[in-house]
Amino acid sequence: MSNVRVRFAPSPTGYLHIGGARTALFNWLYARHTGGKLILRIEDTDTARNSQEAIDVIYNGLRWLGLDWDEGPVSSTDFMASKGDKGPYFQSQRSDLYRHHVDMLLQKDMAYEKDGAIRFRMTRDPILIPDLVVGDVSRALTDREELEPDFVIVRSDGQPVFHLVNVIDDMLMGITHVIRGEDHLSNTAKHIALFRAFGAEIPKYAHIPLILNTDGSKMSKRDTGASMQTYMEGFFMPEAVVNYLCLLGWSPKDDRQVMPLQEVIERFDLPQILRGNARFDMVKLQWMNAEYLKTAPAPQWNTLCLRELHKAGIDISTFSEDYITGALATYREKQQQLIDTPLSAKFYFSEDFAVDEEAAKKQFVPENRPRVEKLRDALAGLTDFNADNIQPVFKTTATELGVKVGVLVGPVRVALTGSPVGPSLYHLIEVLGKERALARMEKALSQIPA
RNA sequence: GGCGUGUUCGUCUAUCGGUUAGGACACGGCCCUCUCAAGGCUGAAAGACGGGUUCGAUUCCCGUACGCGCUACCA
């Protein structure tokens with residue numbers, strides 16, 4: 001047991017940024033590593049863009065990644081439901097707390113009203129920010145701040161601003177470590193000043209570097225891969241996304257790439273977090289995803305495939321579960337094909353699959369006719385119709401014809417799948433079954449000129 | 001402009017002053033092979049620049065350049 005209390009405090013903007021997801025992940029990792037608590041707090045002060053859907057996006061994103069929290073809201077249907085005794089966990093429900101604390105500052109003359117807004121009397125001296133990742137940072141006033149060091153903590157419309165509520169919540173919720181994006185580093189001087197004004201203990205800070213686009217520019221909403229939605233709706237395993245994110249800005253210091261989460265939890269710590277911004281590399285994420293996909297449990301693999309098939313408009317409703325599972329299993333080692341072109345699997349579920357014209361032109365030639373015929377006859381005589389038995393049939397037939405196996409594979413593949421590329425032919429024939437396979441060969445023969 | 005922060009192969013990274021600067025993704029070649037992949041082997045590929053400190057700097061210090069963040073009555 002430890003007294004570590006960290007938090008993830010997203011604003012419900014309607015989407016979860018990959019950078020936000022990593023911030024959540026690092027907080028979660030630290031909590032799990034130390035045996036501390038992770039608090040989820042919804043920073044919904046901007047009521048204009050606050051909606052249930054926007055909050056669900058956060059819940060769903062975190063849950064998809066497998067990041068659970070120890071305190072905070074628990075339900076998307078019951079607004080008030082929460083766990084933990086430091087609530088409410090929605091800033092929109094904490095107005096009284098904020099007002100009370102602002103009054104305290106006002107009374108002590110640490111804040112004052114000006115033009116209808118309330119400003120905090122900010123220190124003029126540089127503030128030292130001890131950061132667990134970046135080191136000691138001395139933040140001096142900027143030129144504009146020299147002119148007006150006191151910053152607004154309550155707007156003239158009565159709304160408290162981010163800096164204020166963020167500090168009050170961290171203070172009241174007993175946050176011990178603030179792990180957040182480096183974009184808040186400069187602002188931390190204000191936060192520290194506020195903590196001091198309240199006479200509260202200042203949490204430890206760990207500002208983690210940002211995630212940028214491949215070209216080094218800032219990653220915003222529209223950039224590829226920026227939204228968690230991309231992964232949740234795409235052909236991705238959450239374990240892979242988490243693993244990739246762990247390695248972006250943190251390093252186990254050895255050559256490990258694919259790491260079980262449990263091991264990351266054991267080895268994760270704040271000082272090892274890297275100081276430089278990292279560029280997001282979708283290609284490497286895809287590789288990582290492929291690594292996980294290779295050993296994914298069958299149900300998970302099937303679910304992902306089925307979704308792609310559905311998107312591609314392929315109807316599988318008339319096929320048995322065994323048949324579907326068998327068909328999808330043949331794509332296990334060539335997942336990229338199914339991810340990129342799910343339509344290429346249509347031959348399993350329909351006679352109406354696309355035929356590659358070029359391939360047909362090349363394979364459906366007169367000299368292949370007797371070859372396919374001989375193979376058809378050989379296959380027709382096969383009783384135990386499985387890949388292990390089918391393969392020898394191809395070999396034997398090829399030998400008898402005095403050709404290489406590849407010569408037979410070519411036309412048959414196009415006849416059965418319509419494409420020159422695809423899963424292992426022997427396995428694919430097994431799944432298709434004798435009847436279907438022979439029928440398609442027959443159909444192809446009718447198209448081959450004599 | 002000001003205040004911060006950062007800079008090792010194209011990308012993610014290893015290196016606690018002394019290494020042929022290592023690994024992974026991507027890329028090239030070879031092998032394997034029923035296609036395509038996967039896999040195995042292999043190749044090319046890096047210390048931003050300039051000064052110091054030191055017997056010796058990728059590593060420590062300073063400067064320059066460039067990147068990123070912050071400079072709001074946004075969060």
Side-chain angles (χ1 to χ4, degrees), chain A residues 9-13 43-46 48-49 91 114-119 126 129 131 133-135 137-148 151-163 165-166 181-190 207 209-212 214-219 244 247-258 274-288 290-291 294 331-338 344 359 390-391 394-395 398 404-410 412-414 417 419-429:
Chain A
S11 176
T13 58
E43 305 220 334
D44 57 347
T45 49
D46 189 349
R49 55 184 179 186
Q91 289 189 333
K114 184 184 177 189
D115 298 326
I118 298 174
R119 285 178 178 270
I129 305 166
D131 191 281
V133 172
V134 188
V137 175
S138 177
R139 169 81 210 294
L141 256 36
T142 67
D143 52 354
R144 287 183 219 175
E145 286 169 340
E146 291 282 2
L147 264 35
E148 178 52 280
F151 59 93
V152 171
I153 52 175
V154 179
R155 290 181 243 165
S156 51
D157 66 1
Q159 280 291 316
V161 307
F162 163 76
H163 303 300
V165 299
N166 193 268
E182 196 195 22
D183 49 342
H184 285 107
L185 182 56
S186 294
N187 287 151
T188 303
K190 289 176 180 159
H207 286 93
L210 271 19
I211 297 180
L212 309 175
T214 319
D215 64 1
S217 63
K218 184 184 176 179
M219 199 174 208
Y244 175 73
L247 265 27
L248 247 201
W250 175 81
S251 168
K253 303 294 181 191
D254 57 22
D255 294 337
R256 304 292 302 284
Q257 303 291 329
V258 179
L274 298 149
R275 319 115 294 233
N277 292 339
R279 300 183 187 208
F280 184 78
D281 186 356
M282 181 62 97
V283 176
K284 182 151 187 180
L285 204 201
Q286 273 161 347
W287 167 81
M288 182 69 79
E291 288 296 303
K294 280 176 196 165
Y331 277 99
R332 219 39 190 302
E333 287 295 311
K334 31 212 97 222
Q335 20 166 302
Q336 206 56 46
Q337 195 182 352
L338 197 54
S344 67
I390 293 167
Q391 174 161 9
F394 272 75
K395 292 247 162 89
K404 284 185 170 181
V405 180
V407 174
L408 295 180
V409 168
V412 175
R413 179 178 288 286
V414 177
T417 73
S419 166
V421 301
S424 158
L425 186 62
Y426 311 130
H427 292 84
L428 152 187
I429 290 175

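Every chain is numbered from 1 and lettered A, B, ... according to where its sequence line falls, protein lines coming before strand lines.
Pair check for B:C60 finds B:G52; Watson-Crick or G-U wobble, both atom distances under 3.5 Å. When Watson-Crick and G-U wobble pairs are counted only if both distances are under 3.5 Å, B:U71 pairs with B:G1. B:G6: Watson-Crick or G-U partner is B:C66, with both key distances under 3.5 Å. Partner assigned to B:U19 is none, using Watson-Crick or G-U wobble distances below 3.5 angstrom. The pairing partner recorded for B:G39 is B:C31, the criterion being a Watson-Crick or G-U wobble arrangement whose two distances lie under 3.5 angstrom. B:A44 is unpaired under the criterion used here, namely a Watson-Crick or G-U wobble arrangement in which both key atom distances are under 3.5 Å. Taking a pair to require two hydrogen-bonding distances under 3.5 Å in either a Watson-Crick or a G-U wobble arrangement, B:U11 pairs with B:A24.
A:Ile153 places its CD1 atom 14 Å from the P atom of B:C74, with the value rounded to the nearest Å. Summarising the geometry, the separation between NZ on A:Lys253 and C1' on B:A24 is reported as 16 Å, rounded to the nearest angstrom. Atoms CG (A:Leu274) and P (B:U11) sit 15 Å apart, rounded to a whole Å. The distance from atom CG of A:Asp131 to atom C1' of B:U5 is 10 Å, rounded to the nearest whole Å. What separates CZ of A:Arg275 from C1' of B:C12 is a distance of 13 Å, to the nearest Å. Rounded to an integer number of Å, the gap from A:Leu141 CG to B:C3 P is 11 Å. Atom CD in A:Gln257 sits about 11 Å away from atom C1' in B:A14, given to the nearest Å. As rounded to whole Å, 15 Å separates atom P of B:G10 from atom NZ of A:Lys284.
When the P atom is compared between B:G1 and B:G43, the two are found 47 Å apart, to the nearest whole Å. Of the C1' atoms belonging to B:U8 and B:C3, the separation is 28 Å, rounded to the nearest Å. Remark: the separation of the C1' atoms in B:C32 and B:A37 is 13 Å, to the nearest Å. Here the separation of B:A46 from B:A21, taken at their P atoms, is 12 Å to the nearest Å. Comparing the same atom, C1', in B:G10 and in B:G28 gives a spacing of 15 Å after rounding to whole Å.
Closest-nucleotide positions on RNA chain B for A:Val283 and A:Asp255 were compared, and the one nearer the 5' end corresponds to A:Asp255.
Once rounded to the nearest 0.5 Å, the distance linking CG of A:Asp281 with CG of A:Leu247 reads 12.0 Å. Note that the CE atom of A:Met219 and the OG1 atom of A:Thr214 stand 7.0 Å from one another [nearest 0.5 Å]. In this structure, the separation between CG on A:Asn277 and CD on A:Glu182 is 5.5 Å, given to the nearest 0.5 Å.
Residues satisfying the side chain to side chain contact (heavy atoms under 4.5 Å, CB included) test with A:Val405, not counting sequence neighbours, are A:Phe394, A:Lys395, A:Ala398, A:Val409, A:Tyr426. Scanning for side chain to side chain contact (heavy atoms under 4.5 Å, CB included) contacts around A:Gln286 gives A:Phe236, A:Met282, with sequence neighbours left out. With sequence neighbours left out, A:His184 forms a ring-ring contact (aromatic ring centres under 6.0 Å, His included) with A:Phe162. Residues satisfying the salt bridge (charged side-chain N to carboxylate O under 4.0 Å, His left out) criterion with A:Lys294, sequence neighbours excluded, are A:Glu291.
No engagement by A:Leu285 is indicated, since no non-hydrogen atom pair under 4.0 Å with the nucleic acid exists. A:Gly249 comes within 4.0 angstrom of the backbone, heavy atoms only, and of no base. Among the protein residues, A:Ile129 comes within range of no part of the nucleic acid, since none of its heavy atoms lies under 4.0 Å from any strand.
Side-chain contact between A:Ser419 and A:Arg413: absent, with no pair of heavy atoms (C-beta onward) separated by less than 4.5 Å.
Here the closest heavy-atom approach between residue A:Ala359 and residue A:Val414 is recorded as CB-CG2, 3.8 Å.
Of the options A:Val152, A:Thr188, A:Asn187, A:Ile153, a side chain to side chain contact (heavy atoms under 4.5 Å, CB included) to A:His163 is made by A:Asn187 and by none of the others.
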In 5'-to-3' order, the base (B), backbone-only (S) or no-contact (-) status of each nucleotide in nucleotides 57-73 of chain B, using a 4.0 angstrom heavy-atom cut-off, is -----------SBSSSB
In 5'-to-3' order, the base (B), backbone-only (S) or no-contact (-) status of each nucleotide in nucleotides 30-38 of chain B, using a 4.0 angstrom heavy-atom cut-off, is ----BBBBS
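Without hydrogens or angle criteria, A:Asp115 side chain to A:Ala117 main chain gives no donor-acceptor distance under 3.5 Å.
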